[in-house]
Amino acid sequence: MNPESTPSRDRRMSEHKLPSRAEDFAEWYNQLVLRAELADYAPVRGCMIVRPYGWALWENIQQALDKRFKATGHVNAAFPLLIPRSFLEREKSHVEGFSPELAVVTVGGGKELEEPLVVRPTSETIIGHAYAKWIKSYRDLPVLINQWNSVVRWELRTKLFLRTLEFFWQEGHTAHATYTEAAAETRQMLDIYTDFAVNEAAIPVIPGRKSDSERFAGADETYSIEAMMGDGKALQAGTSHNLGQNFSKAFDIRYLDRHGELQYCWTTSWGLSTRFIGAIIMVHGDDKGLALPPRLAPIQAVIVPIYKTDEERASVFETAQRIREELVANDIRAKLDERDGLTPGFKFNDWEMRGVPLRVEVGPRDVANGTVALARRDKPGKEGKSFVKQEGLVALVRETLAQVQQSLHQRALAFREANTQEPQGYDEFKSAVERGFARARWCGSRECEAKIKEETKATTRCIPFDQTGDEGACIYCDKAARERVIFARAY
RNA sequence: CGGGGCGUAGCACAGCCUGGUAGUGCGCUCGGUUUGGGACCGAGAGGUCGGAGGUUCGAAUCCUCUCGCCCCGACCA
């Protein structure tokens, strides 16, 4: 812009800037999480501090989900953090799945414990134990409990939000009288996650079934929603497990049916974690920073005052405060940026980096004319800026937020479509998973799945529910294959 | 656990090769001029140079050991 820009000025400018997504997606992500003040590193390797702005986002996610859980008859409770180690060992595949990543407490009150306690990696076992005590009769069923908590898994490679030693989530655990009911519950909760992802987070997802090798340790069937990130990689954004009678047999969760016969329960579990925040970042973010979906954004509209003199400041603030109060009174999460000594331009960039969907600029000219400038986060620069009357602003803000929500979803969907291919041969398959999803036939054998992973780093993400049903050849071995599967490199 | 890189102010780094006053930019504090797309000037605060041991009159710098972090590969929401 300024031909006299000095090298030192350019350097300073570049320090403000994030690395572009194209040049280094991983670094873009790391810096964005820190600079947007979503989270910070903790003193323990792999642990994360969720900062207030990140937690506010999580709270909005919690509310949107919790509302849906309650509407379908679930209730919240809290189960203990510490679990006797022997509990984990009762379900064979569950131990095998989790034992490498357990944190174990061996000392309590300065004394070696008789039985080591594990820090919960998930709560199937301790909840199973409780259910066994509580459930006696078919009249006690179904039991539909959820808990909001954190769990610990000793991961080797960690990344803020996506994979940390401790992470926050909700885990729902239900017990039913019949297989059919449990299966319906499992699918219902996946539908809820899908609805949440699409309508609250503006993230298009592919719901489907997991392959045997990707299934949860101890589940009969695992379902997931899979989303495409801005670099074409897949992220499992929510999961729902049909646990069959595996845990009820391991924990003796039985009930007397109406014929007076003792039956094992059918149980399910389902979870969505703070990893979802990583998905929001990587799906909607751009080179300017975060772009939060209005329905989940902690701040939906930020008001930036513009002034030179003290008199201007006073009149601008008066108007800006009035606007903020009107917005807040109408349930719009609005904030007035009262920071002195920062230029408007700095604040524009700052709030864009933090992903605020809508910005309201109020300056002396606006005070005089009864107008404001409205800027949309999804359309940078002049394109997304309009000058509007203060009168009727609340309705306009509401409408514009809905439009931003829509446009983020459409943009994400278009990106996914553009980067999803149906490869005809294995060569095409290989290039497809280089940049996105490959929807390809798979014969269902572990061998093909493993070979593909070895050769391309792509794994089966899920077997989508919508299938054409016609027969074709497996992308790898050419054997008969009915189903098309989503293959991708994954987080 | 294997491979690679790095530990110097809150952050990003220079200084180390060739031992001798710890430095630059950003950020922070104060004062002034600024403010419709990342302002500027001036003054200031801020350091056990990751830790321990050694060599030396003298170590951020040389030697030995150690701890930690980040990135890449085998497990995972």
Side-chain angles (χ1 to χ4, degrees), chain A residues 1-2 5 7-18 24 26-27 30-31 34-35 40-46 96-101 121-122 150-159 161-171 193 210 213-217 222 224-227 234-241 269-279 288-289 304-310 312-313 316 339-353 359 361-367 371-373 375 380-382 384-385 387 453-454 457 459 490-491:
Chain A
M1 29 183 263
N2 181 356
S5 279
S8 84
R9 184 185 158 81
D10 290 345
R11 192 168 345 108
R12 238 174 294 137
M13 289 292 292
S14 71
E15 277 166 11
H16 286 291
K17 279 222 172 90
L18 290 164
D24 191 345
E27 192 52 27
N30 285 338
Q31 285 198 27
L34 297 175
R35 289 168 61 167
D40 202 350
Y41 292 103
V44 175
R45 176 198 70 89
E96 284 168 3
F98 281 108
S99 58
E101 50 186 54
T122 177
S150 70
V151 291
V152 169
R153 298 178 189 178
W154 216 262
E155 301 290 350
L156 301 177
R157 289 193 55 197
T158 59
K159 199 172 173 73
F161 288 118
L162 296 180
R163 193 177 298 107
T164 46
L165 297 201
E166 180 190 17
F167 61 87
F168 297 86
W169 71 346
Q170 56 68 218
E171 47 176 329
Y193 289 150
K210 282 290 194 185
S213 65
E214 296 279 331
R215 201 190 298 131
F216 175 73
T222 288
S224 71
I225 52 172
E226 300 287 331
L235 183 82
Q236 180 174 320
T239 48
S240 185
H241 312 292
S269 69
W270 27 275
L272 186 145
S273 76
T274 37
R275 164 180 262 203
F276 200 90
I277 293 176
K288 292 171 88 64
V304 177
I306 297 154
Y307 51 86
K308 292 189 175 70
T309 64
D310 281 353
E312 281 179 355
R313 183 180 189 280
V316 163
R339 292 176 294 177
D340 263 320
L342 293 175
T343 63
F346 180 90
K347 291 181 177 179
F348 296 168
N349 286 286
D350 194 43
W351 291 112
E352 279 168 5
M353 191 266 294
R359 182 177 66 242
E361 304 170 15
V362 182
R365 291 206 297 271
D366 297 306
V367 173
T371 57
V372 297
K382 279 195 185 124
K385 210 152 166 172
F387 300 89
K453 182 177 180 181
E454 199 183 305
K457 292 183 188 157
T459 53
Y491 277 100

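Every chain is numbered from 1 and lettered A, B, ... according to where its sequence line falls, protein lines coming before strand lines.
Taking atom CG on D40(A) and atom P on G10(B), their separation rounds to 14 Å, with Å as the unit. Residue Q31(A) contributes atom CD, which lies 13 Å from atom C1' of C26(B) at whole-angstrom precision. Distance, E101(A) CD to C76(B) P: 7 Å, rounded to whole Å. Rounded to whole Å, atom P of C75(B) lies 18 Å from atom CZ of F216(A).
When heavy atoms are screened at a 4.0 angstrom cut-off, T164(A) is found touching base atoms of the nucleic acid. Using a 4.0 Å heavy-atom criterion, one finds that L162(A) contacts the bases of the nucleic acid, with or without backbone contacts as well.
Under the salt bridge (charged side-chain N to carboxylate O under 4.0 Å, His left out) criterion, K453(A) pairs with no residue at all, not counting sequence neighbours.
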> If the sugar-phosphate is the primed atoms plus P, OP1 and OP2 and the base is the rest, what is the B/S/- string for nucleotides 66-71 of chain B, using protein heavy atoms under 4.0 Å?
Replying inline: ---SSS

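A pairwise comparison of heavy atoms in K288(A) and P380(A) identifies CD-CB, 4.0 Å as the closest pair.
Between F216(A) and T222(A), some side-chain heavy-atom pair lies under the 4.5 Å cut-off. The side-chain heavy atoms of W270(A) and Q170(A), taken from C-beta on, include a pair separated by under 4.5 Å. Side-chain contact between E101(A) and L156(A): absent, with no pair of heavy atoms (C-beta onward) separated by less than 4.5 Å.
Side-chain N or O atoms of D366(A) include one that pairs as donor or acceptor with a backbone N or O of G363(A) at under 3.5 Å. In this structure a side-chain-to-backbone donor-acceptor pair under 3.5 Å is present from Y193(A) to G271(A). Remark: side-chain polar atoms of S150(A) are not paired, donor with acceptor, to backbone N or O of E166(A) under 3.5 angstrom.
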Under 3.5 Å, which protein N or O atoms sit close to an N or O of nucleotides 30-36 of chain B? Give each pair with its distance.
from, atom 1, to, atom 2, distance (Å)
U35(B), O2', Y307(A), O, 3.4
U35(B), O4, K308(A), O, 3.1
G36(B), O6, P364(A), N, 3.2
G36(B), O6, R365(A), N, 2.8
G36(B), O6, D366(A), N, 3.4
G36(B), N1, D366(A), OD2, 2.6
G36(B), N2, D366(A), OD2, 3.2

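Within 3.5 Å, a donor on the side chain of R163(A) pairs with an acceptor on the base of C76(B), or the reverse.
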